Enquirer: 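Can you keep this structure in mind? I'll have questions shortly.
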Amino acid sequence: MAGHSGPGEPEAGPQPSGVFISYAREPDDPSHEESVLRLWELLRSCGVDARLDVGEAPQRRDWALWRAQQIREAAYVLVIASPAYRRHAEGRGDASEERSVRWEARLIRDAFFADQHALNRVVPVVLPGRSELDVPDFLGPEAYPVSDFTVEGAERLLRLLTNQPAILEPPLGPKPELKSRPAPPSTPARRPATGIRNEITGTVSGSVVQVGSVGSMTVPGPSAAPRIGVGEGADPRTKRAFEVAFRRAGGRLGEATDRAFPEGPGWVQHFTGDAVLCAVAGRQAVAVAGAVWDDLAALPGFPDGPGFPATDHLDATARVVDLDGGTWKAGVLPRDPEPRWQPKPRLSMEARQAFRLPVAGPADLTVRAIATLPWQLDEDLEITRQTREQLESALPQAEISAQIPLLFRWWDGPIPPPPWVRASGPDVRQTGRDARYDQSAGESMRAVARVMLPNSLTSAITVSVEFQANLRITASEVVELWTAAWDTAAVVVPGALVAEPGNAVLLAPPTVELQVKADVPEAVDLSVFGKPEGRPNPQGAVTVVAPIGLDRNERRAWATKALTRLARDWGFVDAEETDLG
């Protein structure tokens, strides 16, 4: 779309003035147009006579002529980088949408190629949240970034538009008087050597022997290898992304040691400065230290699973590196004490284990957490007598053991809570790959902890911790039970099998599925969410992808998100996390 104004250099004819702002609306991102408006307001507040078509909208006019006039007469044309603008400027957009942008971009492109001064007059601008990759190809990779809508955040652009360079050219001083020196005495020319001079051209392999008095011989050395360009070997878009990242690194990468090559989700190129450039297809390239790359490359599942670094990390001592672009989605690479992959927490509505694993028994209400832990394990891992002894010692100290009596008061006064005992009965089978423990208070309530080693159905350790009752509980109490069961399932129980669960090597993202199953709808009081649309049926599960060992506040926050998400599915369309306190 458009705008105009800011000072320019005098030329023959009318003096150009103003800054014309050319932009495209992003259908999937309404905030982009708001960012353009904020830039317009900032420029005008800083004395730059900028215009947008929105400022002219109430008037009836021939908009095609108006835009052509702005492009022709403006001292500067600001091209606001965005995916839609680049798509239309390069002729890849849908012909039915944003015709004005395509026409406007064509005028700018024609002016750019026709006018030798257009390189200085047409200015690509990258607003917050955008990338240099959104600049149309014909404008080249160099752009003016705006980090925020302040004088400091747009300083480089403002210096250009207001003709205020950061460094002033020093004035010319007087020429120094330099004394002449006498010419050195002439040296007699060397007489050419007698005999025949032999010269060998081409590549020499083996030895060269000269026999007799035949003068001199010249043998060529190895020819210098041609210099490899940044991003050479990659597709044009990736090559351009590599060039942008290379400039951003400011000369710290050295020279390319080989051509860029495809690797997993993107492209990679190594440099002499013990550094690597990498880019996930369609995203900005980043530069990382060689030591960081080596730690990442050593992870199980690299490169397709963990993906690539998401930001520059040229400091070889960086302790945590953000990762993305792989099939495991967003994660981090902690490098201390040993490099490993961890996920960034996120919710998913896929909950396979929750609906595959049967509950411990019939009850009005079941609340449980199921941890799936895809660790790199010894093939001979088993549940031994020592494992069971550790479980029997750890479960009474688990958070779930303290949370259940706190909520439901199974006992009063100094009477100890019921013990955890090895489950038995016709429907229970303890093996070297499956263990189950129960804690019960008569027929009304019980807790169950079960651990299952990898089998034909799963390559991960699976731990289920559940609470069953024939009573009515509140939504907040569901959250508290999930919070406690999560820690027991992800840390306490597997801790009897794997030392330091939080630092174990992962082969895929770990998950915790939070499930509630009310065979009697009234078993869960959901009134905290307000009035539902229809009759609620509180049954469902949500998966949380998260690192092992989140603290209690983090677990409770994600449990709150999970129940709020389920409540909306149950008809509480106005449910918010704040409803749960």
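Both backbone and side-chain heavy atoms feed into the values below; hydrogens, waters and symmetry mates do not. Quick note: residue numbers are just sequence positions, from 1. Remember, it's a predicted structure, so these values are computed and weren't measured experimentally.
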Enquirer: Just so I know, are the side chains of D134 and V126 near enough to count as touching, which here means a heavy-atom distance under 4.5 Å?
Expert: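 No, too far: nothing below the 4.5 Å cut-off.
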
Enquirer: Distance-only, no hydrogens or angles: does the R450 side chain make a donor-acceptor pair with backbone N or O of D434 under 3.5 Å?
Expert: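 It does not hold such a pair.
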
Enquirer: Report the distance from atom CD of E392 to atom CZ of R385, rounding to the nearest 0.5 Å.
Expert: 11.0 Å

Enquirer: Strictly below 4.0 Å, N to O, side chains only: are E243 and K239 in salt-bridge contact?
Expert: yes

Enquirer: Might you point out which heavy atoms bring W486 and A559 nearest each other, and give the distance in Å?
Expert: CZ3-N, 4.4 Å

Enquirer: Would S131 and Q284 satisfy side chain to side chain donor-acceptor pair (under 3.5 Å), going step by step from the backbone distance to the final call?
Expert: CA-CA 7 Å; S131 163; Q284 73 167 7; 4.7 Å; no

Enquirer: Provide the closest heavy-atom pair for L357 versus S464 in the form atom of the first, atom of the second, distance.
Expert: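 Reported closest heavy-atom pair: CD1-CB, 4.5 Å.
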
Enquirer: Are side-chain heavy atoms of T474 and V528 found at a separation under 4.5 Å?
Expert: no

Enquirer: Between D29 and R130, does any side-chain N to carboxylate O distance fall below 4.0 Å?
Expert: yes

Enquirer: Checking D324 now: which residues fulfil side chain to side chain donor-acceptor pair (under 3.5 Å) with it, not counting sequence neighbours?
Expert: R283

Enquirer: Check W328 against L507 and note the closest heavy-atom contact, atom names and distance.
Expert: CZ2-O, 2.8 Å

Enquirer: Would a 4.5 Å heavy-atom cut-off, applied to side chains only, mark D322 and K344 as touching?
Expert: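 SC-SC contact between D322 and K344 confirmed.
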
Enquirer: Do P509 and K329 touch side chain to side chain, with heavy atoms closer than 4.5 Å?
Expert: no

Enquirer: So, do W293 and F308 have ring centers that fall under 6.0 Å from each other?
Expert: yes

Enquirer: With heavy-atom distances below 4.5 Å as the criterion, would you say the side chains of P494 and V451 are in contact?
Expert: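 A side-chain contact is absent here, since even the closest heavy-atom pair is not under 4.5 Å.
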
Enquirer: For the side-chain contact (heavy atoms from CB on, under 4.5 Å) test, which of V292, V332, D315, D295 pairs with V321?
Expert: V292

Enquirer: So, E466 and R446, do they make that salt bridge, N to O below 4.0 Å?
Expert: no

Enquirer: List the residues meeting side chain to side chain donor-acceptor pair (under 3.5 Å) with E350, not counting sequence neighbours, and say none if there are none.
Expert: R352

Enquirer: Could you tell me the separation between the CG atom of L580 and the OG1 atom of T564, rounded to the nearest 0.5 Å?
Expert: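 Here the interatomic distance stands at 5.0 Å.
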
Enquirer: Would a 4.5 Å heavy-atom cut-off, applied to side chains only, mark L391 and W420 as touching?
Expert: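 In short, these two side chains do not touch, never coming nearer than 4.5 Å.
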
Enquirer: With heavy-atom distances below 4.5 Å as the criterion, would you say the side chains of L514 and V367 are in contact?
Expert: no

Enquirer: Rounded to the nearest 0.5 Å, how far apart are OG1 of T462 and CG of L373?
Expert: 7.5 Å

Enquirer: Under a 4.0 Å threshold between the charged nitrogen and the carboxylate oxygen, would R568 count as salt-bridged to E533?
Expert: no

Enquirer: Kindly state each residue pair satisfying side chain to side chain donor-acceptor pair (under 3.5 Å) with at least one member in residues 507-526, sequence neighbours excluded.
Expert: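 Sorted result for residues 507-526: R368-Q515, K517-D519, E522-R535, D525-S527.
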
